[in-house]
Structures are given as structure tokens and as C-alpha cells.
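In what follows, residues are counted from 1 in the order of the sequence shown. In this text, all values refer to a predicted model and were calculated from it rather than measured experimentally.
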Amino acid sequence: MSDQIKHECGIAMIRLRKPLSYYIEKYGSPTYAVNKMYILMEKQRNRGQDGVGIANIKINQKPGLRYISRYRSIEHDPIKYIFQKMGRKFRKAKKEGGDQYNDETWMKENCAFTGELWLGHLRYGTHGKNSVENCHPFLRQNNWRSRNLVVAGNFNMTNVDELFNILVNLGQHPKQKVDTVTVMEKIGHFLDEENNEIFRKYKDQYTNREITEFIESELDLVKVLKRACKDFDGGYVMGGMVGHGDAFVARDPAGIRPAYYYADDEVIVVASEKPAIKTAFDVDYSDIKEIDPGNALIIKKNGEFGQHQFIKPLEKKSCSFERIYFSRGTDPDVYNERKQLGKLLVPQILKSINFDLKNTVFSYIPNTAETTFLGVMHGMEDYLSAKQKEVFIDKKPYVGELEDFLSFRPRVEKIVLKDAKLRTFITDDDQRDELVAHVYDTTYEVIRKGVDTLVVIDDSIVRGTTLEKSILTMLNKLEPKKIVVVSSAPQIRFPDCYGIDMSKINEFIAFRAMVALLKDNDMEFKLDEVRDKCRTALSNKEAVNYVNELYNLFTYDEISTKITEIVKPKEMTADLEVIYQTVDNLHRAIPNHSGDWYFTGNFPTPGGMRVANQAFVNHMEGKLVRAY
């Protein structure tokens, strides 16, 4: 992706179903869970590099001994930092314990992170400050084990103000008006209520100590989640651990954010992506299951588990943009989807180059566009095979040497190279424009000047900033006759409010193109009309996205043409065309992940519709603030 986009977040949970002594005997070390968690985190590094956190709970720890451990970090390489810190704990225990290092009782009493229950989190900071305090997991502490709550998640709520007011009306005094606090405190409140209800059930018959045991065995996390999550509007996968050993991973009713799990008699594991589980535990993909929308995977203290519905599921709208860009391409489904996105672009590309493959060079912008590029080239091979069939089997005429026709292959070159090291120094927005031009390098003397058309595949074009200020300027120096930039994703027209850092509608190149077309056609009055409709909808809490009325005034191709005009540098001498994937082809390529609100404005929750309207009102009022 040529534009820098961030995404929240990744989670990993492990529940050991055997005593620690079992893993020591079988694997020769008490670090079995540590090693597995490290792999889970590293294989989801793509989902968060700003901060990392890990928490661990020891089940049935004796009173007087610590049973919850947590590390969080925002160091340059936070995963490495945390696990090195953890490693030092184990090396110290090995040195001090001697032969007792492999004794379960001694290790659990003397070494942190030797518990059965683990929760890890990788964070991309979108609009929160990047401090350790913002890193998950969060702790809600209490002196009763069953009231301790550890929470980490991949989520963003659209109705934080409403959730905050609910907490205030419950009598709480939240310290911040952010979704991480409101989610934690709302679940925590109903966890307390569940504890109280069980206590009242037994208080006249048993001692407090006996009642504590009843609470830990009877605690109903499904009921807690039903009561806590009924007002949530957003995309979420939330992982939680209760101090005595129960745990849950809950997924939003539209399945916006991803969550997968695997279980056998040794372990239960949950992650945001399948390949992480596959790599860490070397299991068949068919054994890795998806947590269903509106369901929570509940893991009891005794190791029993199951999926349970806690909120009524909606039509499944799992995020398609995850599949295009954020998900790891090693997932076989993601890999094939990205290749299909490329194949489906071939007719548009052929039309753009006037079917002149002989004088066309194909390349891509690293790194995630590579698989889509392979799909484009496979599609071109299919096209050539069909043409050869027409000539040699159907006997259609061909002008030229048949031997050349048979041996022809599309020209593929690595034209664009990314300097990953340079990117890390671009932190100041004021200086970014000057430096961004040097993030990419190009291969010279490959393009025939004034003759070749250069086709470059990108996974998505969001803001168009890097395209305009860096890539096109750089490619123009190669002096091609024409440059065709191809986006495997459709035009991104609307903000996301469920996790991806795209909140200001005026930043999108598609929106800017639509506004420019309104000006070109003396239709700027439509902006005021739609602004008034958006304001009314916000006042009436009407779940209708009125901004689409503006986009519907123009065809898809008209907006793409205007985008081409906007991003073309003034000094550019080559012809330019920007091509976007169509929404119909997006659905053909990714049929099981139909969450397309970025491209269509069809948000799966009322809060999403409100965010779209608010983002437009903010633009019209000149407010450079987030819409949620």
C-alpha cells in the first residue's frame, strides 16, 4: 500500500488444558506456553507494531502468592523486548532453583508467567496516545479472584459517548471517555453483578470461603456478556480472563473483526489470524475454526469450552479490506482471494493499454500487492492462451510471425523498490512530504522511453498522497509513454469506524474527486443539501448514509478519471490512468467477506451510518477532527 494506513489490532489467547508438569515432561521445559505465545505474536506482527502486552493467570495458586502477571511495552521492537524480559525471569529461576526448575509447584510459586491462561495483544495506535497505559491487556483488579478482569481486544466502538453515560448512570466515575475504558468497566460491572447474585444465592447456607468456590464454578460469562454488550455498536473481538481461570473471546454480531480458534486435549488457542495458529501449533487448516458472529468462545476454569451466543447475530459483514491488505497472505484463502482480485482486473487493464501487450511492462508496488500482481499475470496468461486457441484451433487470422506469437510472454520487471529503513524516520507530518519522495527507488534503463506503457499494481489507493508526491514523479523519470496505476481495491469513499485508521472523509482521494466534479458541473449546492440531511439524521438518530447521494451523481469511471487528474503531478509528461477494482468484482473475489462499507457506504451498524454523516458534517464545517 502506497498510503500509510494503520489497523487495530491482534489478539492471542492460550489455555493449557494439562498441568504444567505434563508440558515439562513432554517438551522438556516449563516454557512451552511462552514459546507458543511468542510465535503467535510474531506471526501477527502485521497487526500491531506500536505496542505489545501479555498477561498470564495461574489457576489455583495458593493465597498469598501472585497469580496474575503482565508485561506491556512500546519499545522499538516490543515483542522482542517483552519476551527477552520474560526470558530473564526463567533464566533467573533456573539459576536459583536448580533441579526445582522442572518442578511444577516450585515454578508456579517462584516464577512469573508459568500459569495456564495467557492473553496477548498487538496494538496499532490510531488516535490514542502511544504510551504503555494505552497498551492492552487492561486489568480491573480486586481482592476476590472472580472479580479480577483482564481484557484485550481488536475493537472500536462508534457510540463511546452513549456507553460512557451508561456507566455514569450506573453510578461509576470512569477516568476516561475512550472505548477501552468503557468496555472494560461495563463488562466488569456485570461481572460484579454476577458475583453478587451467586453470593446471595448461597449466603444463608454456606461460609464465605465455600461461597467463593461456588462462584468460581458457577460463574456465567455468557450472562455477563449478554448484559454488558447489548449496547455496543462497533466491530470487536474481545478477549477476557477472570482471575480464577474462566476466559472468553467474544465477536461482534456482524463478524466485522476476525477471530479463529483451535482446540485439542492439550491446548485451546485463539488468534486473529489462521496462519498464526497453523505455524505455532502445526495443525491442519481444517481444524482451525472461526468464532461465529455474535458468539463467544467460553473457556471454563476446568478446561471445558464451547461457543455460546451472547447477542443476536446480524447479517455477516466481515471486513473485506482485512483480506485485501491487513491479513497475512500465507493464509490459503487470503492468498487465493488476492490472486482472484488480480485476475478480475485484467479486462480493465487490457482496455487501458489498448491490448498492446508487446509494448507494456508490468510491475507492482511492494509488498502486499505482490499476490494480486501474480493474479494479474495469470490472467494475462489465460488471455494469451485464449488468443492462441482462436488462431490455431478456431483458425482466426493473425497478422505477424506465428513463432513470435507462440513464444510471446508478458514483460514483467521489478520497477519499484521500497526502502523500509528510511520509512521509520518519517514521524513528523510537516517533514513527511519532503522525505516521502525518497521512500521508494526505481529500476532504471528497463523501460523503452516514449514507447512502453508501464502498468503498476497497488493493493489500494486511499489518500493518493504518496502516489502523487512520490511514486508517479519517480516513475515519470523513466519516460514511459503511459503509466497505468491499478488498485486491487475499489475506490475508498467512506471512513471506517470499526478499527482501521481512516476517519476523516476529506482525506480520501475519491471524496476529493467527487467534490471536484460537483464544482466542475456547477452542483456545489448539493453539498449544502446533503449537509442539512446529515445534520437532521444525526439529530433524529436516523441510520441512513446520506453522503451516498453525492457519489450517486457520477459514474464510477467519472470519479476514477477525476482522481487521475488530481494525482497527476504538474511536471509529468507521460499519460496517466488510474484504474480501480469494481465492487462487483470485489464480491466475486472475496465472497465470504462482504463487509464493503469503505467502498459502498453500506455500514453494518447504525453507528457506522452516523459516523459517515458526522464525517461529512465535519468536513463542511471545516472541522479537522475524527468522526467518532
Side-chain angles (χ1 to χ4, degrees), residues 13 15 17 55-70 108-109 115-119 137-153 163-175 180-232 238-250 268 295-311:
M13 179 180 283
R15 170 60 159 91
R17 303 184 76 187
N56 177 238
I57 290 179
K58 300 175 182 179
I59 299 174
N60 294 325
Q61 182 76 306
K62 295 178 182 178
L65 297 173
R66 183 179 294 274
Y67 59 94
I68 300 179
S69 302
R70 178 181 63 159
K108 291 189 71 172
E109 291 181 0
E116 297 87 346
L117 192 53
W118 295 75
L119 180 60
F138 295 99
L139 267 62
R140 191 176 191 264
Q141 295 178 296
N142 196 287
N143 218 31
W144 277 261
R145 287 192 305 194
S146 57
R147 293 175 185 261
N148 276 278
L149 179 64
V150 185
V151 171
L163 297 176
F164 180 86
N165 291 333
I166 289 172
L167 292 177
V168 172
N169 291 333
L170 288 171
Q172 293 192 18
H173 189 93
K175 60 183 180 181
T180 48
V181 171
T182 53
V183 165
M184 161 77 80
E185 293 302 331
K186 203 155 185 287
I187 296 174
H189 170 78
F190 288 106
L191 179 65
D192 287 343
E193 290 288 294
E194 175 70 2
N195 272 265
N196 293 338
E197 289 175 10
I198 299 174
F199 181 83
R200 287 192 292 267
K201 177 180 174 183
Y202 293 109
K203 69 182 180 67
D204 296 328
Q205 307 170 56
Y206 298 94
T207 66
N208 286 354
R209 185 61 194 167
E210 290 171 326
I211 294 173
T212 296
E213 295 177 2
F214 287 127
I215 291 173
E216 293 188 357
S217 63
E218 296 183 16
L219 194 74
D220 188 347
L221 283 178
V222 179
K223 183 171 34 168
V224 172
L225 292 171
K226 282 181 178 179
R227 300 167 76 182
C229 301
K230 64 179 182 179
D231 303 305
F232 289 175
M238 298 181 298
M241 307 187 298
V242 185
H244 67 280
D246 283 3
F248 67 87
V249 179
I268 303 167
N295 279 249
L297 183 72
I298 304 294
I299 306 171
K300 295 298 292 180
K301 176 183 177 181
N302 61 9
E304 295 178 357
F305 72 97
Q307 282 203 63
H308 302 270
Q309 182 180 314
F310 68 93
I311 195 168

Handout entry: CG (Asn169) with more than 12 external heavy atoms under 6.0 Å
Key =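 Counting other residues, nucleotides and ligands, CG of Asn169 exceeds 12 neighbours.
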Handout entry: Enclosure of Lys300 NZ (heavy-atom neighbours >12, cutoff 6.0 Å)
Key =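 Yes - once you tally the heavy atoms of other residues, nucleotides and ligands closer than 6.0 Å, there are more than 12.
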Note, [X] side chain near [Y] side chain (heavy atom, < 4.5 Å):
| X | Y | result |
| --- | --- | --- |
| Lys201 | Phe214 | no |
| Thr180 | Phe138 | yes |
| Phe164 | Val181 | no |
| Val150 | Leu117 | no |
| Met13 | Ile299 | yes |
| Leu149 | Met184 | yes |
| Ile215 | Tyr202 | no |

Practice task
Decide side-chain contact (heavy atoms from CB on, under 4.5 Å) for Glu218 and Asp220; before the verdict, give the C-alpha distance in whole Å, the side-chain angles of both, and the deciding distance to 0.1 Å.
Solution key: CA-CA 6 Å; Glu218 296 183 16; Asp220 188 347; over 6 Å; no
Side-chain ([X]) to main-chain ([Y]) donor-acceptor, under 3.5 angstrom:
| X | Y | result |
| --- | --- | --- |
| Lys230 | Phe310 | no |
| Asn195 | Ser146 | yes |
| Asn142 | Asn148 | no |

Practice task
With Asp246 as reference, evaluate Met241, Lys301, Glu216 under the side chain to side chain contact (heavy atoms under 4.5 Å, CB included) test and give the passing residue.
Solution key: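 Option passing the side chain to side chain contact (heavy atoms under 4.5 Å, CB included) with Asp246: Lys301.
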Identify the two heavy atoms, one from [X] and one from [Y], that lie closest to each other, and give their separation to 0.1 Å.
| X | Y | value |
| --- | --- | --- |
| Gly303 | Arg15 | N-NH2, 3.4 Å |
| Tyr67 | Arg145 | OH-CG, 3.3 Å |
| Gly239 | Leu119 | O-CD2, 3.6 Å |
| Ile211 | Lys203 | CD1-CA, 3.5 Å |
| Cys229 | Met238 | SG-CE, 3.9 Å |
| Glu185 | Arg140 | OE1-NE, 2.9 Å |

Problem - Verdict with supporting geometry, Asp231 and Lys186, side-chain contact (heavy atoms from CB on, under 4.5 Å) - result: CA-CA 10 Å; Asp231 303 305; Lys186 203 155 185 287; 3.2 Å; yes
Fill in the blank from the handout: Separation between CG (Leu191) and CH2 (Trp144), nearest 0.5 Å, reads 13.5 Å
Handout entry: Arg147 side chain to Asn196 side chain, donor-acceptor N/O pair below 3.5 angstrom
Key =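 Yes, side-chain donor-acceptor contact under 3.5 Å.
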Handout entry: Glu116/Lys108 salt bridge by N-O under 4.0 Å criterion
Key = yes
